[in-house]
Protein chains: 2
Amino acid sequence: MAGKRNGKRTTITLKEVAELSGVHASTVSRALNPATRSMVMPAVVERILKAAKKLGYQPDPVAASLRTGRSSLVGILVPDIANTVFAPILSGATERLDEQGYSVIVSDVGNEQGRQIDLVAKLMARRVDGLILATVSRDDPLVAYCIERNLPAVLVNRAETQSRLSAVVSDDALGMQLAVDHLSELGHKRIAHLAGPTRHSTGFLRRRGFAQAMAANGFDAAAAPCEVADAFTREAGAVAMRRLLDTHRGITAIAAANDLLALGAYDVLHERGLSCPGAISIIGHNDMPLVDMVAPALTTIRISHREMGRQAADLLHQAIEQPDAPARNVVLPPKLIVRKSTAAPPSTK
Amino acid sequence: MAGKRNGKRTTITLKEVAELSGVHASTVSRALNPATRSMVMPAVVERILKAAKKLGYQPDPVAASLRTGRSSLVGILVPDIANTVFAPILSGATERLDEQGYSVIVSDVGNEQGRQIDLVAKLMARRVDGLILATVSRDDPLVAYCIERNLPAVLVNRAETQSRLSAVVSDDALGMQLAVDHLSELGHKRIAHLAGPTRHSTGFLRRRGFAQAMAANGFDAAAAPCEVADAFTREAGAVAMRRLLDTHRGITAIAAANDLLALGAYDVLHERGLSCPGAISIIGHNDMPLVDMVAPALTTIRISHREMGRQAADLLHQAIEQPDAPARNVVLPPKLIVRKSTAAPPSTK
DNA sequence: AGCGGCCTTGCAATCGATTGTTCCGCGGAA
DNA sequence: TTCCGCGGAACAATCGATTGCAAGGCCGCT
């Protein structure tokens, strides 16, 4: 019944290949597996390979998985597939994992924590070999959950505070430094930060990076205006931006923790009839698709999310192969992309 | 060995639940499956359920899959995960499939045809219960491949010429009609079409829809300027747009087959110092994220891709449950979204 | 010449759930 | 009272690949 989708076409099994080549199924198994191939005489191997090709044999991963406990499946947890930041990560990761022979089960988590653990439990039941997590907060119970169960996992984009698992992230401190340096060089004196949620490492580290960069540029970091958005969305960015403008005077430049927050800031400038970069310069973070098309084209810090996904795939592969190797952190360097949303501050009179 | 990730934690099997409740494993299996539960005495069912809960029993989908040939897995083939059009489709589909108890394997196809068939073969080996295809061209061998192998599949976004499989698409003819009507009402007389590749139903049907809509508005459809882009990308859109402007005079409005093509057209207007909508009005198709932020904000035809994904999931579920039911087509109505890229034509002198 | 060991292959158990078949015991009907 | 039937549960085969173990043959060494 299994493997038989209709009347005529039956899937061919190891045993059939064995019969055709006149050996036992176990020998076929060994001959087909590169790791055990050396146990079989070369001449026999060749005969078996020929028979397998002739029959069009395709191994059944389900049966193999049952026996071995491995599955060549990895799960990827993303907060939101449709988010233009996570899509390239997914894309890069699946590309590389595919090369390595894994198939990818994608889980869109939504936002509930409990659900996240449930999803992982379901993936474990499916015998996934490992997990790529793009969802974790700075201190996430999910990490402990995976470690306790010896499930290989790596983090991507967002890291956790303790580095218990391998992770690939952007250098958020450097990113903010590039941003602040750029604004400072343009002559800005009153630079504000539109921060992201601090439960995520990106929000937290970029905020800290902003403070450090301000200090490095000779500003009083503690006095620098800063508002925290509830989420990395355009709407939350707009809300925080309004607070920022309402409670602080004389801001001429804004370093946002994220492009969507920056776009939310754009919306508020529109509302209030302020020009960008005439009245206020804005710099984003991520360089997500199409931000070069908005008006004004957004100056931002580019992160190669696709590359991030690829590296995460590599790290996961290693974590699966060598479960006891120590966690490694890969930090990718971001890059300043200057467009039209930043300029010298309006001349003060 | 299998199911045992470390020393202490062993997964519990049916047999252990059976021992605890004093019955045979097969009885446990029947008691746990709602469909066969009636074969077991209610009192025994209750005892078994209690034991299962106590042990924290979780059925092994791999073993079940081996036996039954079903897997609760579905594959989704997309041309490009990172494409902002396909991401919401994926998102909507996974959301609904998750509710229905399926997990989703995502395959990013790239563009080679052969590779596509290989991927499907691999998915079939994994015993996927069905497929959602967002990749097919108007006449795609992949469709025949699935049908021959009795693999339930549905199409999304792009349809094929013969309706052999269920599909959910946008009403492309209506979309173009909305676009042309809008431009015509604004007073445009010389309306051009920036078409997409005609090997895809979207490119083909929108082009035909454009011609029909032009005729309906009293224009000579055959004489209307039209250039076909090689791909649904910004770059290809720019190339086609240059051809359009170089070979036709007096165009005042452009109906693009897709937002990315429209953005490519923006690029060309920039190059040539033409204003939009001052000199030329442009209308897109899809309403993908952020096109409200570009300058000028893009007037476009909105398609709810997320809803498309959801409906595709429903259709697939039906196709799996009733493999012999006839193919159904779901056509979603698109909607005109007026923004800033369309206006009355420049007054002719 | 005999024996130990290695190389190659076959045998059979195993992974865990599902399901066709068998078996048992009890109640009702002849 | 006996037999049939049936509900309910156990038994065992099965899905297909993997792998520890056993067996057989050949070679070399003493």
Side-chain angles (χ1 to χ4, degrees), chain A residues 1-5 10-48 51-52 55-73 124-127 129, chain B residues 1-5 10-48 51-52 55-73 124-127 129:
Chain A
M1 187 141 306
K4 193 185 289 185
R5 288 268 174 202
T10 299
T11 49
I12 43 275
T13 70
L14 265 192
K15 207 187 288 184
E16 298 172 57
V17 178
E19 272 166 29
L20 180 60
S21 39
V23 296
H24 192 264
S26 61
T27 305
V28 177
S29 172
R30 288 189 256 257
L32 260 31
N33 181 343
T36 51
R37 182 166 299 163
S38 60
M39 300 173 139
V40 181
M41 286 219 305
V44 179
V45 169
E46 197 171 339
R47 186 149 42 96
I48 291 174
L55 293 177
Y57 171 72
Q58 271 235 296
D60 184 329
V62 176
S65 177
L66 178 60
R67 176 64 223 252
T68 62
R70 276 166 274 116
S71 64
S72 302
L73 280 174
M124 283 195 69
R126 285 201 189 269
R127 300 267 199 278
D129 291 343
Chain B
M1 186 142 307
K4 194 185 287 184
R5 288 268 175 201
T10 299
T11 47
I12 44 277
T13 69
L14 265 192
K15 207 187 288 184
E16 298 171 57
V17 178
E19 271 166 29
L20 179 60
S21 37
V23 296
H24 192 265
S26 62
T27 306
V28 177
S29 172
R30 287 189 250 259
L32 260 31
N33 180 344
T36 52
R37 184 167 298 164
S38 59
M39 300 172 132
V40 181
M41 286 219 307
V44 179
V45 169
E46 198 171 339
R47 188 148 41 94
I48 290 174
L55 293 177
Y57 171 72
Q58 271 234 298
D60 184 329
V62 176
S65 178
L66 178 59
R67 177 64 225 247
T68 63
R70 275 166 274 118
S71 63
S72 301
L73 281 175
M124 283 196 70
R126 285 201 190 270
R127 301 268 198 277
D129 292 343

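Contacts of B:Pro59 with the nucleic acid, taken as non-hydrogen atoms under 4.0 Å apart, involve only primed sugar atoms and P, OP1 or OP2. Among the heavy atoms of the strands lying under 4.0 Å from B:Thr13 are primed sugar atoms or P, OP1, OP2 only; no base atom is included. Among the atoms of the strands shown, only primed sugar atoms or phosphate atoms (P, OP1, OP2) are found under 4.0 Å from some heavy atom of A:Val23. Within 4.0 Å (heavy atoms only), A:Val62 reaches no atom of the nucleic acid at all. When heavy atoms are screened at a 4.0 angstrom cut-off, A:Val40 is found touching the sugar-phosphate backbone but no base atom.
Rounded to whole angstrom, the span from the CZ atom of B:Arg30 across to the P atom of C:dT19 amounts to 9 Å. Atom pair A:Asn33:CG and D:dA17:P shows a separation of 13 Å (rounding to whole Å applied). Taking atom NE2 of residue B:His24 and atom C1' of nucleotide C:dG16, one finds them 13 Å apart after rounding to whole Å. As a whole-Å value, the separation of A:Ile48 CD1 from C:dT8 C1' is 11 Å.
Applying the side chain to side chain donor-acceptor pair (under 3.5 Å) test to residues at least two apart or on different chains, the pairs with a partner in residues 25-34 of chain B are B:His24-B:Ser26.
Side-chain atoms of B:Ser21 do not come within 3.5 Å of backbone N or O of B:Arg47 as any donor-acceptor pair. Side chain of B:Arg37 to main chain of B:Ala31: a donor-acceptor pair is present (N/O by atom type, distance under 3.5 Å, no hydrogens or angles). At distances below 3.5 Å, at least one donor-acceptor pair connects side-chain atoms of B:Glu16 with backbone N or O atoms of B:Thr13.
Contact check, A:Ser29 against D:dT18: a side-chain N or O comes under 4.0 Å of OP1 or OP2. Note on A:Thr27: a side-chain N or O is less than 4.0 Å away from OP1 or OP2 of C:dG10.
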inquiry  = Does the protein touch nucleotides 22-28 of chain C at the base, only the backbone, or not at all? Give it as B, S and - per nucleotide, heavy atoms under 4.0 Å.
reply    = -------
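Nearest heavy atoms, A:Ala25 versus A:Leu14: O-CD1, 3.9 Å.
The side chain of A:Ser26 has C:dC11 as its nearest neighbour among C:dA17, D:dA17, C:dC11. Across D:dA17, C:dC11, C:dT18, the shortest atom-to-atom separation from the side chain of A:Leu14 is found for D:dA17.
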